[in-house]
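Heads up: the structure comes next, in structure tokens.
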Amino acid sequence: MLRRLIIIPISLFFVVAFSYALVEIMPGDPALAIAGNTANEREVAIIRAELGLDRPFDERFVRFFTDIAQGDLGRSFFDGQIVSHEITRYFPASVEIMVLSLLFAGLIGLSLGALAGYFRQRAPDSVARIVITALQAVPEFLIALLLIFFIFYLWRWAPAPIGRLSLTDTYPPVVTNFLFIDLILAGDWNGLRSTAHRSVLPVATLAIGTAAYFAKVARATIGAAMSSKQVQFARACGLSEFKVLQYALLQARGPIITYTAILVAALVGGASIIETMFSWRGLGQWGLQAILNKDVPAIQGFVIATGSFTMIVYLALDLVVAALDPRIRHDRG
Amino acid sequence: MTAAESSPGTLRAHFGLWFGLTVITAMLVAAVFAPLPYDPIKPNADAVLQAPSAAYWMGTDSIGFDVFSRVIEAARRDLPLAFGGAIISAVIGVPLGLATTLKGRASEIIMRGLDAFQAFPLLVLAIAIVTLTGNRLEMVIFAIVLIETPRMMRLIRSEGLAIRESRFIEAAEAMGARPRRILFVHLLPNVTGIILAQTSIAAANSLTVVAALSFLGIGVSPPDPSWGVMIQAGARLMTSGQWWVSLFPGVAVFLAVMSLNLIADDLDVIFERTSR
Amino acid sequence: MSLVVKDLETRFITRQGVVYAANGVNFTVGDGEIVGIVGESGSGKTVTINSILGLLDPAGRVRNGSALFDGTDLLAIRRRELRRIRGARIGFIAQNPFGALNPMLTIEDQFYNVMRAHRRADRTEVRQQALEMLRRVGIAGPERTLDGYAHELSGGMAQRVVIAIALLLNPPLVIADEPTTALDVTVQRQILDLIKGLIREGQRSMLIVTHDLGVVAQYCDRVVVMYSGRVVEEGPVAKVFTRPLHPYTLALLRSVPRLGTEVQGLGGRVPDLLSRPTGCAFRHRCAFAKESCAVATPPTAAIGPDRAVACVLDVEREVPALVVD
Amino acid sequence: MSLIELEHVHRTFRRPDGTVVYAVHDVSLTVADGTTVAIIGESGSGKSTLGRLVLGLLTPDSGRVAFEGKTLSTLSAEEIRRQRARIGVVFQEPFEQLNPRLKVGAIVEEPLIIHAPNLKAEERRQRVSALLQEVDLDPQIAARYPQALSGGQQQRVGIARALIMQPSLVVLDEPTSSLDLSVRAQILNLFGRLKQARGLTYMFISHDITTVEYFSDHVVVLYLGRVVEQGPTAKVLRQPRHPYTQALLSARLSVDPSVSPPHLPLTGDPPSPTRLVSGCPLVGRCPIETPECARAPIALQTKDEDHRVACLRA
């Protein structure tokens, strides 16, 4: 258990060092590259000073770390906003889309996987395998386009992909930055309905892509558990098939939870593109824009924020797995 | 010949492998040899947004590019990028992964570092790297290698550690075999299946990364086609009904990625069985 | 109580082809009897009990036959009815207790689940009965055991828990699949003595699958010898083990090392179950094989009132007696 | 002459969770040239660890392991490697000990490639063929992969590999326990024949007392990493003095239904080898223990010439 906690600072160090390295890999004069061709000498000099390129490497490196340790991620080159403020402003929207899609993905994926695992080597399993293999092969942005084409264009079941609220809706006063929560706090039920409606396509996009992976791991682990001696003994004792499936799930839940951590990391990446396509205005969209703008402090902030976030998710799920398994739980005490 | 090798059901049993190999081979052959009906980088202003027809099999886009010609031309760019990236990852990742199976604190620390790396949203990382280094094609490969090599290493390491514990390695040590012999004669041949399967998966992943990058307009210069660029070109048209501009390159990505995954699945099964 | 298995045929559909695992298995377990099924790997002994209990892999299919348990055909009834019999009327003792017990649940929960699968009962009631069962299988601290998990137990203790679960609902028949193979030698005897005591005491019947001839000789009343998915010889242990009539039984008994005599092994290998056997499956390894052995599957012939042998030889005259020093 | 000497050998392992396993604890024994010494014990008794110490695959924490008079710890890595040509090994798992990607021929000739690199390929092939025949295998089998063979055939391949360098010692680590009864007998007979023909010394690791009785000249009984009794097979197994040896013998089940098994003196399971006990390891299960037994380590005492027992009441 202690080992897991020791890893956090090491991992965070890697994350920060990595975000720092991103500037270092820029070819030629990074300041010139960032400022662009139209910039004058003075603008370039300002960026250079901002990046600390006029100082020796080791000094810059230490400086970078001490700044971050104090929560100072600098200001955006692009619009001058304080990066840490921008992150707290956009992060909640990303959490919303990720939690929602993870929820749906888990629901769909685990059911599909459990079905396939339970009926392994029979017809439902074969069908599920084909569905999983096919879904895994569709890039998320393509799923988004197909959903837009069918559900918005052909069938008109969902509104146009142009943001979380329609142009006629007004945004509620900011309390938590979580739009759903703020709308509830403001008692704006029309707005809530509107944003829920507009969440369908982006959430479905991410959920479908992620569900395939959930289904894959659930199918494999539950399938293996179903042919285990434990399940055989449970059946031989006359337990109902429902109970038997529960036994198999108990065995499979550890690996599935561990795998969820990897899916979260992938989801953060996928969310960037999907948020942009649907103008979701979350951290992903903000970060992607920062990258395309070569807005170095914002990129570094984005990398550190997402890296730390997934790291924490990893750790939390690791602890959940340990807490659920009596074998690990008891060894600790 | 074992019973498994000679059994009549092989082709049916490994449908995925044969399907996948056929599709990928067809794509490669088309990319290399197929004559293109139209110039893929010269638009025809008289034929804008034509629906699929006898003249334009997959229709044309809003500038007047022939979608079919560009789907094939794009394969010439996307497939080598993905395969190149995957193969380089294997070439680097396999020896490094095997090296970490040697006992030692250093390898433990390296693996911890890689664990931390896995926590990154890797797609975002790839986008950042390629953008910041000036949007060049070779940086796409670099990004792919950066993403796929740790995965290869982890897999080879865990597989290698398992095989290291096996009796035949112990028997080889007991007969006085040197480490080099154990590595090349005993360890490596037993991870070949995993390497092939993982390289196939890496190629599939890379193809998705290439498509995502070019979808965002990263890593490719404008007139050159790439499946992602073409999907992007049709993205807006999806809401006005011209589905074919995005759909056909999308299908190409889908088929290629699925084929590579199917190949990997079956390779796993085949190698698992012949060694047990 | 009686269990009558007739013409049981089980196959597995695998990627390599059809595996003919059981090819017409016949035997009976009478009231109060302990019957041992003995055979080497691939003989179909485990497949036989898994077929009877409906525990086959998805790839396995019972193609033919019946298993009459007190007149009810276990192979023909609905799964719901079979489930009511399993655990309540037929107890099952698994080979490896750590594989069988659920590591995520307390031992008490596992007793509770089994009880609840068959009866309405509340927790305190089940706990009382579980404590009683644990005491009867010789567990010293039953309260602590109930509150703990499987991984906290030693191998012998875990197997005692499995036995307690198997006997919780007082089943008239117990099926045991290699119940001591996974245990240490000095523990095996303790567990076997325990099982036999509980079976006799409760006037139950037992079917025990094993590859250990010693277990059969010391703990069983009757023995069923299997080879290549078929019963080759059946009868009282006292008779079969002192005067085996099938050449395979004879060869098995001769393979047991005895001081001062050279052990006699069998040449050749167990036939491949991927092809349907024609003729006697043992003929390639049999010292007395004739041409006629290849023609047809030897029919099972009754020898006296309580024995049966599947061999074309005039077994009493042509198969030599087992010579022990 | 003694081929192997072990003096006060200790070996521990550390599990991932940090607990220490006392696998071999203060073991001393010698194996004379040309004999078969059986190491008998249950799981966790340290018998396989002992075999690996002799093979040099493990090094002792303390104590001395010597083979043909040379102490292993004083040899260089290269010398140990050369030494390994002199010791063959056959493992319990017939298939797992063979590399599934090599053909039988390549498996059997591998020691020759390592230790006699100058030998011509044709010469190697001939030696492999001759040896395959000696272990009752068709030389044609050299062209097949091990997974196509039966368990008995695989085990014969393992034996051929162990013998190709003409070693003086062969360590047999439960070589018959995962084989079917009918095959087991053939393999035991093969071992006997090879020993006679080649003058081999066997170190035979087993948990099956019937096989040991049939097969060995000397017996070493291990319990929780310690030697509790040792001596000539005839003495140890006919007049066992240690309660543990007696228990092992009475746990054996006769295949003769008219012989009922004797009373089993031991109760309970063997304890976990993670606990280091100060006195006799059998305390707690022993029918004749006294308070004294738990107090101090009990040394092996000579009872009848070469019959030695570690028991205060024997």
Side-chain angles (χ1 to χ4, degrees), chain A residues 114-129 219-258 320-333, chain C residues 12-15 46 49-50 52-60 79-106 109-111 113-119 148-152 162 165-166 168-169 171 174-177 182:
Chain A
L115 188 82
Y118 183 79
F119 290 107
R120 68 204 182 288
Q121 296 171 38
R122 302 206 208 135
D125 183 26
S126 312
V127 174
R129 232 195 88 175
R219 173 180 178 265
T221 50
I222 294 173
M226 283 307 296
S227 43
S228 71
K229 292 284 165 198
Q230 256 174 55
V231 161
Q232 190 195 40
F233 185 64
R235 280 202 169 128
C237 288
L239 265 54
S240 66
E241 286 305 291
F242 181 70
K243 255 304 191 246
V244 165
L245 185 62
Q246 256 183 27
Y247 272 43
L249 283 172
L250 277 180
Q251 234 179 313
R253 73 181 174 191
I256 291 175
I257 294 172
T258 307
V320 168
V321 171
L324 286 175
D325 191 335
R327 286 164 295 191
I328 304 175
R329 205 160 66 210
H330 283 249
D331 286 348
R332 196 177 38 174
Chain C
F12 288 83
I13 318 290
T14 68
R15 282 194 173 204
T46 297
I49 56 162
N50 284 348
I52 297 170
L53 290 172
L55 297 176
L56 290 172
D57 280 359
R79 294 198 73 82
R80 174 181 288 275
E81 289 169 63
L82 182 62
R83 199 155 63 232
R84 255 183 238 135
I85 292 173
R86 293 194 298 223
R89 311 255 309 131
I90 303 179
F92 182 75
I93 301 175
Q95 173 174 1
N96 180 351
F98 294 115
L101 295 173
N102 195 322
M104 299 290 196
L105 296 177
T106 62
D109 282 343
Q110 302 186 49
F111 273 99
N113 286 342
V114 173
M115 183 63 93
R116 281 305 301 270
H118 299 284
R119 283 187 201 152
Y149 293 89
H151 73 275
E152 297 161 332
V162 168
I165 292 176
L168 181 67
L169 285 133
V174 174
I175 295 183
D177 184 6

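Just so it is clear, the values below take in all heavy atoms, side chains as well, and ignore hydrogens, waters and symmetry mates. Each chain gets a letter, A, B and so on, in the order its sequence line appears, and its residues count up from 1. All values reported here derive from a predicted model rather than from experimental measurement.
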If one checks every heavy atom of A:Arg122 against chain C at 4.5 Å, the contacting part turns out to be side chain

Contact part of [X] toward chain A, heavy-atom cut-off under 4.5 Å: side chain, backbone, both or neither?
{"X": "C:Gln110", "result": "both"}
{"X": "C:Ile90", "result": "backbone"}
{"X": "C:Asn50", "result": "side chain"}

Please lay out, stage by stage, how A:Ser228 and A:Gln251 fare under the test side chain to side chain donor-acceptor pair (under 3.5 Å). CA-CA 10 Å; A:Ser228 71; A:Gln251 234 179 313; 3.3 Å; yes

Would you mind writing out the side-chain donor-acceptor pairs for residues 53-60 of chain C within the sub-3.5 Å range, not counting sequence neighbours?
none

Please report the closest heavy-atom contact between [X] and [Y], naming both atoms and the distance.
{"X": "C:Phe92", "Y": "C:Ile49", "value": "CE1-CD1, 4.3 Å"}
{"X": "C:Phe98", "Y": "C:Ala150", "value": "CE2-O, 3.5 Å"}
{"X": "C:Pro103", "Y": "A:Pro326", "value": "O-CG, 3.0 Å"}
{"X": "C:His118", "Y": "C:Arg83", "value": "CE1-O, 3.4 Å"}

Identify which of C:Val114, C:Asn113, C:Ile165, C:Leu168 forms the greatest number of heavy-atom pairs closer than 4.5 Å to chain A. C:Asn113

Pairing residues for C:Asp109 by the salt bridge (Lys or Arg N to Asp or Glu O under 4.0 Å) criterion, not counting sequence neighbours: C:Arg123

Not counting sequence neighbours, which residues clear salt bridge (Lys or Arg N to Asp or Glu O under 4.0 Å) with C:Arg89? List them please. C:Asp70

Counting only non-hydrogen atoms closer than 4.5 Å, can you tell me which residues of residues 231-244 of chain A sit against chain C? A:Gln232, A:Phe233, A:Arg235, A:Ala236, A:Cys237, A:Gly238, A:Leu239, A:Ser240, A:Glu241, A:Lys243

